[in-house]
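In what follows, a structure is listed as structure tokens, so that the remarks can point back to it.
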Amino acid sequence: MLRILNSLTRTKEDFKPIDPAGKHVTMYTCGPTVYDSLHLGHARAAITPDIVRRYLVYKGYQVRYATNFTDVDDKIIRRAIEERRDWRALTAEYIDEFHRVMLALNVAPADVYPRATDHIPEMIEIVQRLFKHGHAYVAKDGDIYFNIASFERYGKLSGRKLEEEEAGLSGRIDEARLAVKKNPGDFVLWKLLKNDKPEIAKGGEHVPRWASPWGDGRPGWHLECSAMSQKYLGVPFDIHCGGKDLLFPHHEDEKAQTECAFCDALGARESVHYWVHNEFLNAKARPEDAKVAAEHVDAQTGGVKMSKSLGNVRWVREMIWPEGPYDPMVVRMLMLGSHYRSPIVFEPAMLDEAAARLDRIYNALETVGRAIQSDMTISWRKSPEELALAGDPNAMTRQMPLLAAATLARQNFEIAMDDDFNTAGALGAVFDLITKINQDLSRYGTGKVPPGEGASFHEAARTVRRLLGVLGIRPDRAKGATGNDAEKLVDLLLYVRQEARTAKQFVLGDRIRDALSALGYEIEDLPGGKSAAKKK
RNA sequence: GGCCCCGUAGCCAAGUGGUAAGGCGACGGUUUGCAAAACCGUUAUGCGGCGGUUCGAAUCCGCCCGGGGCCUCCA
């Protein structure tokens with residue numbers, strides 16, 4: 001039974017879909033505000049729901065998944081004004097980058113990628129519903145606000161009480177804006193153009209605007225998620241993901257709006273059944289990050305928030321191929337190493353460690369592939385048990401422990417993942433099986449498993465690949481960022497080296513290996529005289 | 001000020017009442033022309049500290065120390 005830590009109740013709950021048939025699951029994630037490149041934190045925020053979704057699919061559910069783009073926002077407008085660009089061109093550029101990075105990170109595409117600006121009418125309709133039910137009001141300056149005092153459950157998600165909030169807010173809020181609102185915590189539903197901050201109001205054509213019953217302007221931030229999740233998934237839906245920072249105010253407000261706007265249909269029930277929030281990935285300060293002032297650095301861990309104002313942001317594209325040095329799967333492996341609710345204090349060496357772990361997996365799978373490729377008794381049509389039995393009795397006996405290890409790995413994997421998506425534990429189960437495969441493989445010094453004994457290795461490797469797939473790790477080592485010509489030349493050099501080694505000209509062979517190593521290719525000599533090169 | 005979270009080996013990290021997964025690194029050995037990969041062995045009598053509850057505590061409770069997050073538009 002899958003259990004999920006629900007932010008709403010702050011307890012682990014058994015997962016039960018809304019669908020009475022227990023088959024379909026609906027899922028929504030708050031996507032990025034598209035005004036800049038993606039950093040490692042965004043990668044974590046995308047990979048977390050991807051794991052949730054993949055595991056649900058593994059469990060047999062049919063998942064409908066929506067994740068949005070926030071393409072209207074103060075930061076976007078400011079950037080557009082700054083760069084004197086059309087804000088649509090700006091957001092299109094970063095939406096494009098988002099898709100490229102997601103493809104590289106093997107984040108499965110969502111069923112829909114709604115954009116805020118494509119849903120203005122839906123948002124206006126929600127505001128009208130809120131007026132109808134008495135939750136919205138026109139403030140003194142004409143902006144439309146949500147009255148949080150009108151919703152008795154306000155604060156339930158983030159565990160806050162109105163009075164506490166008001167106490168905590170003192171001295172830190174904009175007095176001018178406070179004066180127009182009924183409660184300090186009231187948030188804007190529709191912002192009039194004329195009330196914009198001076199630097200935005202002067203932005204001219206760079207400031208997006210839409211007509212509404214209350215005047216030209218733009219929607220409040222939280223409104224888009226209420227509108228789009230309702231439109232594409234319905235109310236209520238099963239799982240809502242997002243970064244921990246969004247819990248308050250964004251999700252609290254989104255929830256309040258949705259539940260108030262659709263309260264006729266919803267009654268007293270929750271609009272989202274499971275709220276899943278991933279922790280942050282913070283960056284360690286680098287010496288070259290001159291802007292990182294000492295007071296931001298955690299004396300013990302050296303951790304410091306990844307923030308552009310501090311100049312320590314790690315862009316994903318600078319890390320992964322083709323721009324950066326790492327296989328994108330390394331980034332995913334980094335995320336899988338800790339639970340999604342634990343903070344990660346990132347430092348570059350962590351990527352090297354993740355790369356080493358990934359290597360251990362790929363090495364084992366490749367070695368198995370070579371060891372059993374000539375075993376013609378392996379057939380996809382037969383079960384591993386049938387195949388094991390097809391050999392001689394001794395071969396069967398030898399194969400049983402590995403088959404048992406594969407089954408055990410699958411079980412332990414599921415136990416870990418069932419417990420609130422414990423990817424680190426699940427990875428432990430995979431590594432246990434990897435070790436068992438390597439142990440059994442090491443019995444055969446020639447690197448070839450005798451014919452008739454390959455079935456268990458085949459099954460074990462298949463299990464590893466399947467489980468990796470659930471975690472979103474591609475089961476085959478990627479070729480790297482090099483072009484085809486480079487690969488061909490490397491192959492040619494390997495051939496020359498092979499000839500040299502056959503002729504016992506080891507000095508020449510070693511020089512070729514060292515030279516390739518300097519270019520970033522690690523050479524591995526295989527049984528039988530051949531060699532393989534892999535990009536470091 | 002309010003609310004919440006964390007502290008497990010050199011490093012990353014799982015484990016929330018039954019006697020410390022897994023990975024990286026390091027050291028020694030096997031294998032190899034030499035390597036690489038892989039295998040074997042070693043690497044936490046102990047889970048920030050001190051008390052308490054319990055037959056039994058990394059896990060529960062209290063206090064202390066250290067760190068982090070959120071509190072109006074940050075994933």
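Quick caveat, the model's predicted, so the values are computed rather than measured. So that the names make sense, note that chain A is the first sequence line, chain B the second, and so on, each numbered from 1.
Phosphate proximity of B:rA38 to A:Gln439: absent, as no side-chain N or O sits under 4.0 Å from OP1 or OP2. In terms of phosphate contacts, A:Ser342 brings a side-chain nitrogen or oxygen within less than 4.0 Å of OP1 or OP2 of B:rA14. Between A:Thr33 and the phosphate of B:rA75, there is a side-chain N or O to OP1/OP2 separation shorter than 4.0 Å. Checking the phosphate oxygens (OP1, OP2) of B:rG23, a side-chain nitrogen or oxygen of A:Thr435 falls inside 4.0 Å. The side chain of A:Asn438 places an N or O atom within less than 4.0 Å of a non-bridging phosphate oxygen (OP1 or OP2) of B:rC39.
Contact of A:Arg443 with B:rC39 (side chain to base): no donor-acceptor pair of N or O atoms is detected under 3.5 Å. Donor-acceptor pairing under 3.5 Å, judged by distance alone, is absent between the side chain of A:Arg44 and the base of B:rA75. With hydrogens and angles ignored, no donor-acceptor pair under 3.5 angstrom links the side chain of A:Asn282 to the base of B:rG69. No hydrogens or angles were tested; on distance alone, nothing pairs the side chain of A:Asp352 with the base of B:rC24 as donor and acceptor under 3.5 Å.
Here the separation of B:rC63 from B:rG2, taken at their P atoms, is 15 Å to the nearest Å. The separation of B:rC12 from B:rG7, taken at their P atoms, amounts to 12 Å, rounded to a whole angstrom. Comparing B:rA37 with B:rC27, their P atoms sit 13 Å apart, to the nearest whole Å. Look at the P atom in both B:rA35 and B:rG46: the space between them is 39 Å, to the nearest Å. B:rA14 and B:rA20: their C1' atoms are spaced 10 Å apart (whole Å).
Take the nearest nucleotide of RNA chain B for A:Glu522 and for A:Ala356: the residue whose nucleotide is more 5' is A:Ala356.
Partner assigned to B:rG33 is none, using Watson-Crick or G-U wobble distances below 3.5 angstrom. In this structure, B:rC3 forms a base pair with B:rG69, meeting either the Watson-Crick or the G-U wobble geometry with both donor-acceptor distances under 3.5 Å. Under the Watson-Crick and G-U wobble criteria, each requiring two contacts below 3.5 Å, nucleotide B:rA26 is paired to B:rU42. Under the Watson-Crick or G-U wobble criterion, with both distances below 3.5 Å, B:rC60 is paired with B:rG52.
In this structure, a donor-acceptor pair under 3.5 Å is absent between the side chains of A:Tyr362 and A:Asp476. Under 3.5 Å, the side chains of A:Ser517 and A:Glu522 contain no donor-acceptor pair of N or O atoms.
Between A:His99 and A:Tyr113, a ring centre-to-centre spacing shorter than 6.0 Å is recorded.
You'll find the side chain of A:Leu2 stays beyond 4.5 Å of the side chain of A:Asp14, heavy atoms only.
The distance between atom CG of A:Leu5 and atom C1' of B:rC4, rounded to the nearest whole Å, is 12 Å. Atom P of nucleotide B:rC11 and atom CD of A:Glu353 are separated by 12 Å, given to the nearest angstrom. Summarising the geometry, the separation between CD on A:Glu347 and P on B:rG10 is reported as 16 Å, rounded to the nearest angstrom. Here B:rA14 presents its C1' atom at 14 Å from CD1 of A:Ile344, a figure rounded to the nearest Å. Going from atom CE of A:Met333 over to atom P of B:rG23 covers 12 Å, rounded to whole Å. Atom NZ of A:Lys436 and atom C1' of B:rC40 are 14 Å apart (whole Å). Rounded to whole angstrom, the span from the CG atom of A:Asp73 across to the P atom of B:rC73 amounts to 10 Å. Atom P of nucleotide B:rC73 and atom CG of A:Leu189 are separated by 16 Å, given to the nearest angstrom.
Cation-pi contact between A:Lys534 and A:Tyr521: absent, since separation from the ring centre below 6.0 Å together with deviation from the ring axis within 45° is not met.
Of all the residues in residues 357-369 of chain A, A:Arg357, A:Arg360, A:Asn363 reach under 4.0 Å from RNA chain B with at least one non-hydrogen atom.
Per the stacking criterion (ring centres < 5.5 Å, plane angle < 30°), A:Phe431 does not stack onto the base of B:rG22.
Out of B:rA36, B:rA75, B:rA14, the shortest distance to the side chain of A:Ala45 is found at B:rA75. When each of B:rC73, B:rG33, B:rC12 is scored by its nearest atom to the side-chain atoms of A:Met350, the top-ranked nucleotide is B:rC12. Distances were taken from every side-chain heavy atom of A:Phe248 (C-beta onward) to each of B:rC70, B:rA37, B:rA75; the shortest belongs to B:rC70. With B:rA14, B:rC73, B:rA75 as the candidates, the nucleotide lying closest to the side chain of A:Ala424 is B:rA14. For A:Ser442, the side-chain atoms get nearest to B:rA38 when compared with the rest of B:rC70, B:rC34, B:rA38.
One finds no salt bridge joining A:Asp143 and A:Lys181 here, because no Lys/Arg side-chain nitrogen approaches an Asp/Glu carboxylate oxygen to under 4.0 Å.
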Going through the distances and angles, do A:Glu97 and A:Ser37 end up as a side chain to side chain donor-acceptor pair (under 3.5 Å)?
CA-CA 7 Å; A:Glu97 181 186 316; A:Ser37 285; 2.9 Å; yes

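Screening A:Tyr154, A:Trp275, A:Trp221 for a ring pair (Phe, Tyr, Trp, His ring centres under 6.0 Å) with A:His251, the sole residue that qualifies is A:Trp275. A:Asp196 pairs in a side-chain hydrogen bond (donor to acceptor under 3.5 Å, both in side chains) with only one of the listed residues (A:Lys191, A:Arg209, A:Arg218), which is A:Arg218.
In this structure, the side chain of A:Tyr35 does not engage the main chain of A:Tyr94 through any donor-acceptor pair within 3.5 Å.
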